[in-house]
Each structure stands twice: as structure tokens, then as C-alpha cells.
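Throughout, a chain's letter reflects where its sequence line sits, starting with A, and its residues are numbered from 1. Values reported hereafter were calculated over all heavy atoms of this structure, with side chains retained and with hydrogens, waters and symmetry mates removed.
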There are 2 protein chains.
Amino acid sequence: MPKIGMEEPRRRALIDATIHEVGARGGMDVTVGQIARRAGMSTALAHHYFGNKERILLAAMRHILSTFGALVREELARVETPMQRLNAILDASMDRRHFEPETVAAWLAFYVQAQQSPEARRLLRVYALRLHSNLLHELKQLTDPARAARMAQALSALIDGFYIRHALQDQAPDRDDIIDILRDYTCRQLTETGQP
Amino acid sequence: MPKIGMEEPRRRALIDATIHEVGARGGMDVTVGQIARRAGMSTALAHHYFGNKERILLAAMRHILSTFGALVREELARVETPMQRLNAILDASMDRRHFEPETVAAWLAFYVQAQQSPEARRLLRVYALRLHSNLLHELKQLTDPARAARMAQALSALIDGFYIRHALQDQAPDRDDIIDILRDYTCRQLTETGQP
DNA sequence: CGTTTTTAATTGACTAGTCAATCAACAAAA
DNA sequence: TTTTGTTGATTGACTAGTCAATTAAAAACG
């Protein structure tokens, strides 16, 4: 059975299985055995490729974050004006793919693991910082620096907040309502009223 | 040594120890042994009082949520006008006590556990619903129903979002900045501009 | 009041089970 | 034959939950 060049597909399968298993079980308390079985191999092989459990989990986390980042970059490449680019970031952040139950559960679980694992924490920080600086870059071209900074913070929090609420409430607003709220927020903030 | 009337302080100590232990370890992967040791008793006694591990965790969760609810109610009782009451809810939601690292970590961990445990899910739903309806009740007196609903959704998401961001980023805005952002949001939304 | 019985509090030792990680061994490709 | 892929079996550490036994307070009794 041993064919050569198995390393890449095996790693891929393990990462995929990890995300699905974490999503299905709804937490990080997955066993290497469960992951390996879903990926169609023995636990020993999983250890062979990743060394230990934590590295499997981190690889899965890295995969989710880089998928997210790639999607944002892709949407961003399509448009020109700051306003379009801002909307592109918001759209990409609310992409349907992020709302698949497994992904949401995995995301949430990673947030918790970040409290224990410095490397996981670092990864999430990178994601948060990139989102923030992406937003800020566009907003600075649309309003004054102070308001831009505040809006970037608020939009980041709104995105994370809606995401986490979506994870466990059925009456949470759906994707389209969320985008409406985000657009309404930016629109109102950028319309100059009384305050300087 | 056995004194009578120990049940109540023991339960209290176990709940307290659970929150601290979950907060310190940054997840739900705490052992009954760790909790019991921190509470100054044997694992058997912890089982004696709560039956099993899940009930210990749920009791701790219930305690955190009821503390939160009591605080909101307390602040709410102090003021009269809808606008004051709205601000009271926001202030209470952002109270310093909720930002103690242990509480934040425990809160986050409970969110994850809610994916696995129906009872935990139910408890969090109650919290979310109460926050939402509290906000909605005041907002309906300040603006039209559609906008009130949208604002309640947005404010809930902002609160949860800032909370979760605070849990793992040092550059996240602090309590006062967050309150500024929340107030700025409500202020702008309630100021009638162009759109009906 | 003194004695006996009941009851709550408490634990150490034990059971039965899980899981991450290791290892020795085997199969095929190069 | 060396390298790469692969596994079953095993180990060692840890965990939830149980249980019988112990202690002391309280209550019942004479």
C-alpha cells in the first residue's frame, strides 16, 4: 500500500479532519485517534507527520486563518475606491464559507486555545491586527484619523461579535442582516453631522 | 472536624474554585481534582455535593451569568429616562468586574462548552436574550422599531465582540474607549440624518 | 443529666477507562 | 539496500466517579 509522495496529502487530510472533528465535537477535546480515523489512517501516522497533538491543532488553525486572509485579499483585488474596498473587507469577513457550523465551532475553540497556547495566541493576534489595519487603511481615506481608528475598532468588534453570536443563537441576525447593519454603521459614521 | 451546615460554604467554595481554575488554565479542561484542591477539600467531597463534573461547571456558569444579570438590574434601578437606562445597561455590561482575566477566560470557555452541552447553551441563550430585550425596551422609546431592533443587535454584538477581543489582545481598546465607542454609536444612530 | 442512636461531613483507596506518545516491525518504492 | 510509509501493540500518566470506613455533631431517649 505505501505509495511515495504521501506526505502532502496526508497532512492535508489530517488538517481537514481536525477542523471537521473540532467542529463536530464543538471543542478542542478531540483525540488524535478521532482525527486520524476520520483522515483514514492510524494514530501513529498522525504523530509521524506532526510530532504531537498541539502541532496538529496549530496547523489546522493556521489553515483556517490563511483561508480567511486569502479570501479577503481576493475580494480586495477586485475593486478600486476606498469605499468599495471597505465594503469588500466587510463582505469577505461575512462570507458564507465562514459561517459553516464546523468552521464557526473551530474558530471559537481556537479562541479558547489561544488562552493556553502562546503560538495560538500569536496566530490570532496576527489575524486581528491584519483585519484592523486593512480596515484602518481604507477608513483613513474616508474620514479623520481619530474617527477612522474608532470605526476600525468598532467594525472589528462587530464582526467578531456577530460571528460568536451566530455560533450559538438561532435568533441571531443572518449574514444579510449583519451586512446591512455594518453598512448602516459605516454610512452613518461617515455622514458628517454636528460633531467635528 | 465535621461541623454541620457545611453544604452552603462548600458549594460556594467549589463554584469559586471552578471559576478561578477555569480562568487560570484558560479552558474547560480542568479536573475535579484541581477544583477540589483549590477549594480545600477532596475530590470525593466535590462529587458528594454536585454529583458529577458537568454540574459543577454548570453551577459556576450559572453563577457568572447571575452575577452579570444582578449588576445590570442594580444599575438599571438607579435611573429613570430611557437614555439613562440605555447608558446604564452599557455601563453595567462593561463593568470592570467582568474584565478580570479569570472571568473573561471562564466566559469564553463557557461559550465553547455551550456547543457541547444543551444546558450550557440554554443558559447563554437566556443571557443573550435578556441583554437584547433590555436594550430593545429602551431603544423602542428612543427611535422607530426597525432602527431599535437593528441597534439592539449591533450593541449586543459590539459588547460581545469587545469582550472577546479583550480576552486575547493587549492592544484592544480598554473599558473607557469601548464605552466611548458605544456612546458614539448610539448618539449617531439616534441623531436623525437623511434616511427616514 | 448521661447515654445511645442517628445523621451529615469527610476522606483514602480503588475501579475502570481514556489518551498521547512510543516502538518494533513490516511493506513497498528507489 | 536504504529510504519512506504504515501500523498494531504497548506504555505510562491521568481522570471521573464509587465506596466503605471514620469522625463528630445533633437528636432522641431514659
Side-chain angles (χ1 to χ4, degrees), chain A residues 1-61 106 109-110 112-113 116-120, chain B residues 1-22 24-61 109-110 112-113 116-120:
Chain A
M1 290 155 210
K3 305 154 215 165
I4 117 152
M6 279 287 96
E7 178 153 356
E8 209 181 286
R10 289 298 195 196
R11 292 183 96 101
R12 223 176 268 279
L14 281 168
I15 288 172
D16 212 58
T18 303
I19 293 168
H20 279 73
E21 203 66 31
V22 168
R25 306 238 337 140
M28 301 263 65
D29 56 344
V30 289
T31 72
V32 176
Q34 288 161 352
I35 294 170
R37 190 162 359 107
R38 188 185 277 255
M41 66 193 89
S42 70
T43 67
L45 197 52
H47 277 99
H48 173 66
Y49 282 121
F50 281 97
N52 62 33
K53 188 183 175 178
E54 198 191 3
R55 281 196 218 133
I56 301 178
L57 296 174
L58 284 172
M61 192 169 162
F110 289 144
V112 169
Q113 221 216 354
Q116 293 168 282
S117 153
E119 178 62 9
Chain B
M1 288 155 209
K3 305 157 216 163
I4 111 151
M6 280 287 96
E7 178 155 354
E8 209 183 285
R10 289 298 193 196
R11 292 184 97 99
R12 223 176 268 278
L14 281 168
I15 288 173
D16 212 59
T18 303
I19 294 168
H20 279 74
E21 204 65 30
V22 168
R25 308 237 337 142
M28 301 264 65
D29 57 345
V30 289
T31 71
V32 176
Q34 288 162 352
I35 294 169
R37 189 158 2 103
R38 188 185 278 254
M41 67 193 89
S42 70
T43 66
L45 197 52
H47 278 99
H48 173 65
Y49 283 121
F50 281 97
N52 61 33
K53 187 182 176 179
E54 199 191 3
R55 281 197 218 133
I56 302 177
L57 297 174
L58 284 173
M61 191 170 165
F110 289 146
V112 170
Q113 220 216 356
Q116 292 167 283
S117 152
E119 179 62 8

For nucleotides 14-16 of chain D, which of its nitrogen or oxygen atoms have a protein nitrogen or oxygen under 3.5 Å away, and what is each distance?
{"unit_1": "D:dA16", "atom_1": "OP1", "unit_2": "B:Val32", "atom_2": "N", "d": "3.4"}
{"unit_1": "D:dA16", "atom_1": "OP1", "unit_2": "B:Lys53", "atom_2": "NZ", "d": "2.8"}
{"unit_1": "D:dA16", "atom_1": "OP2", "unit_2": "B:Val32", "atom_2": "N", "d": "3.2"}

| field | Between P of C:dA9 and CZ of B:Phe50, the distance in whole Å | value | 13 Å
| request: Identify the two heavy atoms, one from B:Ser117 and one from B:Leu58, that lie closest to each other, and give their separation to 0.1 Å. | output: OG-CD2, 4.3 Å
| task | Mind running salt bridge (Lys or Arg N to Asp or Glu O under 4.0 Å) on A:Arg25 and A:Glu21 for me, showing each step along the way? | result | CA-CA 6 Å; A:Arg25 306 238 337 140; A:Glu21 203 66 31; 5.4 Å; no
| task | Grab the CE-P distance between A:Met41 and D:dG8 for me, whole Å please. | result | 13 Å
| Gap separating the NE2 atom of B:His48 from the CD atom of B:Glu7, nearest 0.5 angstrom | 7.0 Å
| query | CZ of B:Arg37 versus P of C:dT11: gap in Å, rounded? | reply | 13 Å
| said: Can you list everything that forms a salt bridge (Lys or Arg N to Asp or Glu O under 4.0 Å) with B:Glu54? Sequence neighbours excluded, please. | reply: none
| message | Heavy atoms within less than 4.0 Å of DNA chain D: which residues of residues 7-15 of chain A have one? Give them sorted by number. | response | A:Glu7, A:Arg10
| message | Would B:Arg12 and B:Glu8 count as a salt bridge (Lys or Arg N to Asp or Glu O under 4.0 Å) here? Give the steps. | response | CA-CA 6 Å; B:Arg12 223 176 268 278; B:Glu8 209 183 285; 3.1 Å; yes
| query | Looking at the side chain of B:Tyr49, which of C:dA9, D:dC19, D:dT7 is the nearest nucleotide? | reply | C:dA9
| query | Atom CG of B:Leu14 and atom CZ of B:Phe50: how far apart are they, to the nearest 0.5 Å? | reply | 5.5 Å
| Rounded to the nearest 0.5 Å, how far apart are CG of B:Asp29 and CG of A:Asp29? | 8.5 Å
| said: Without decimals, in angstroms, what is the distance between B:Leu45 CG and D:dT22 P? | reply: 18 Å
| note | Interatomic distance, CZ@A:Arg55 vs NE2@A:His47, rounded to 0.5 Å, equals 10.5 Å
| field | Whole-Å distance separating the CD1 atom of B:Ile56 from the P atom of D:dG17 | value | 8 Å
| field | Whole angstrom value for the distance that separates C1' of C:dA8 from NE2 of B:His48 | value | 7 Å
| Length of the CE-P vector between A:Met6 and D:dT6, whole Å | 6 Å
| field | Atom pair CD1/CE of A:Ile15 and A:Met61 - distance to nearest 0.5 Å | value | 13.0 Å
